[in-house]
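These numbers were taken from a predicted model, which means no experiment stands behind them. Values below: every heavy atom of this structure, side chains too, minus hydrogens, waters and symmetry copies.
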Amino acid sequence: MLRNALRLYCKGSLTVYCCPVMTRQKQTCHVLENRRTYSSAMSERKKFYQDVSISHGEGGVFEINLDHRKLKTPGGKLFTVPNEALAVAVATEWDVQRDTLKFYTMHMTTLCNTALDNPTQRNKDQMIAAALKYLETDTICYRVEEPPGLVQLQKTEWDPVMDWIEKRYNVVIGSSSNIMGPTIPEETKDTFRQHLASFNFWALTGLEFVITQLKSVILSFGLIDRHLMVEKAVQLSRLEEEFQIHHWGNVEWAHEYDLQELRSRTAAGVLFVHLSSESATMKRKLLQDLEFPQPRKPWN
Amino acid sequence: MSVSFTVAPLRACRDILKELRAVKGPGYQRSPAYRYVMDQFRHNRITSEKLCRSQQDLLHRASSYLCLLQSTRLHLSLHAEYHGEGSTREKGLGDVARMVGLALPTQPGGKGWE
């Protein structure tokens, strides 16, 4: 419980990367200097455009246009995304803003900015190592010994996810109820390292964001592998809080607020990972299916 | 891959469009998101396979996007209500107390000096 309380107070390692769109001054690569030009996530700017549109850029990338101006990252680079789905998601975020721009609700834009600018200047190996380090303090691995209701709840809700990941990746993780946590065997880490190496940089950025939000590598994998839905993963991440809410009551301005914020960030992260790793392929059906077209089916 | 959920495509599509209408207003049918979502649902609808893996993947993605739209809207409304401009400062003491479930004390019969 203490560990969870400590973790609840740590808001996450990823720098909040929301900033005015067009920066006038020149940016150097130095992180400290960059930080001075970032406005905080909670500051708001007036909406300065009417229309948002998407256009094709060089090399098959997509760009976002606010009126006639091209969107740029906080680092000054041209904002480009590799596929249309991401472009639509980002454009929608800008499109739904009313009188002021609320950057703290624009999670897809934030993630794209982070992937494009890479403000902490890390490479793929460093990100993979950070993710595996987080496995040692994974929420699912830490079990309490009391109260008995929570012990039972952790068993019934978290054990299936643990079984799923151990079976899916053929690894051993285990859980523990002491403060040091379980010892993760090297083979497990190697298996995950190999799996994560197949992710591209953008997908790893998204994955790291999801891990930081859910405070769990196992739940993040469950989400990325489509074993869990976003709402379920968030509920499992907040299991102890849900248990206490069930017992003591729900406080809307804290619990509900945190829940919706966590859901929106997690959903954005998962969507970002999936959209960054997609490759659009059209599979043609066999010729015999085309000769005898099926009657139009209603939605199933 | 174990599929531990079922999402009805029509329901997902309808809910996404409902969310878009809620955030965009009357012009939502002209937005790029509307066109893209309708496109995706139309093109991936007809399949003769019962358990189409890519269909499940797309449904998961649709459901994630729906969750994103819904939770962002709710987060924003909660923020405006409890943390935004005029949510605490311009309110009177009684209103702020009521927000956290408390009430100012009342003394039946008045305070004596009124």
Under the ring-ring contact (aromatic ring centres under 6.0 Å, His included) rule, what do Phe272(A) and His107(A) come out as? Steps first, then yes or no, please.
CA-CA 9 Å; Phe272(A) 188 78; His107(A) 304 298; over 10 Å; no
Angle class for the His274(A)/His60(B) ring planes (parallel below 30°, perpendicular above 60°, tilted otherwise)?
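Ring orientation, 0 to 90° scale: perpendicular.
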Tell me, side chain or backbone of [X] under 4.5 Å from chain B's heavy atoms, or both, or neither?
X	result
Leu275(A)	side chain
Thr92(A)	side chain
Ala254(A)	neither
Arg98(A)	side chain

Between Glu84(A), Met108(A), Glu93(A), who has the most heavy-atom pairs with chain B when the cutoff is under 4.5 Å?
Glu84(A)
At a heavy-atom distance under 4.5 Å, which candidate from Gly25(B), Ser77(B), Ala33(B), Cys67(B) has the highest pair count against chain A?
Cys67(B)
Top contributor to chain A interface from His83(B), Gln70(B), His75(B) [non-hydrogen pairs under 4.5 Å]
His75(B)
Would a distance-only check, ignoring hydrogens and angles, find a side-chain to backbone donor-acceptor pair under 3.5 Å from Tyr49(A) to Trp94(A)?
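Answer holds: yes.
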Do the non-hydrogen side-chain atoms of Phe62(A) and Val88(A) ever get within less than 4.5 Å of each other?
no
Can you list the residues that meet the salt bridge (Lys or Arg N to Asp or Glu O under 4.0 Å) rule with Arg73(B), with sequence neighbours excluded?
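Applying salt bridge (Lys or Arg N to Asp or Glu O under 4.0 Å) to Arg73(B) gives Glu19(B).
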For Asp159(A), all residues meeting salt bridge (Lys or Arg N to Asp or Glu O under 4.0 Å), sequence neighbours excluded:
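Scan of Asp159(A) (salt bridge (Lys or Arg N to Asp or Glu O under 4.0 Å), adjacent residues dropped) gives Arg143(A).
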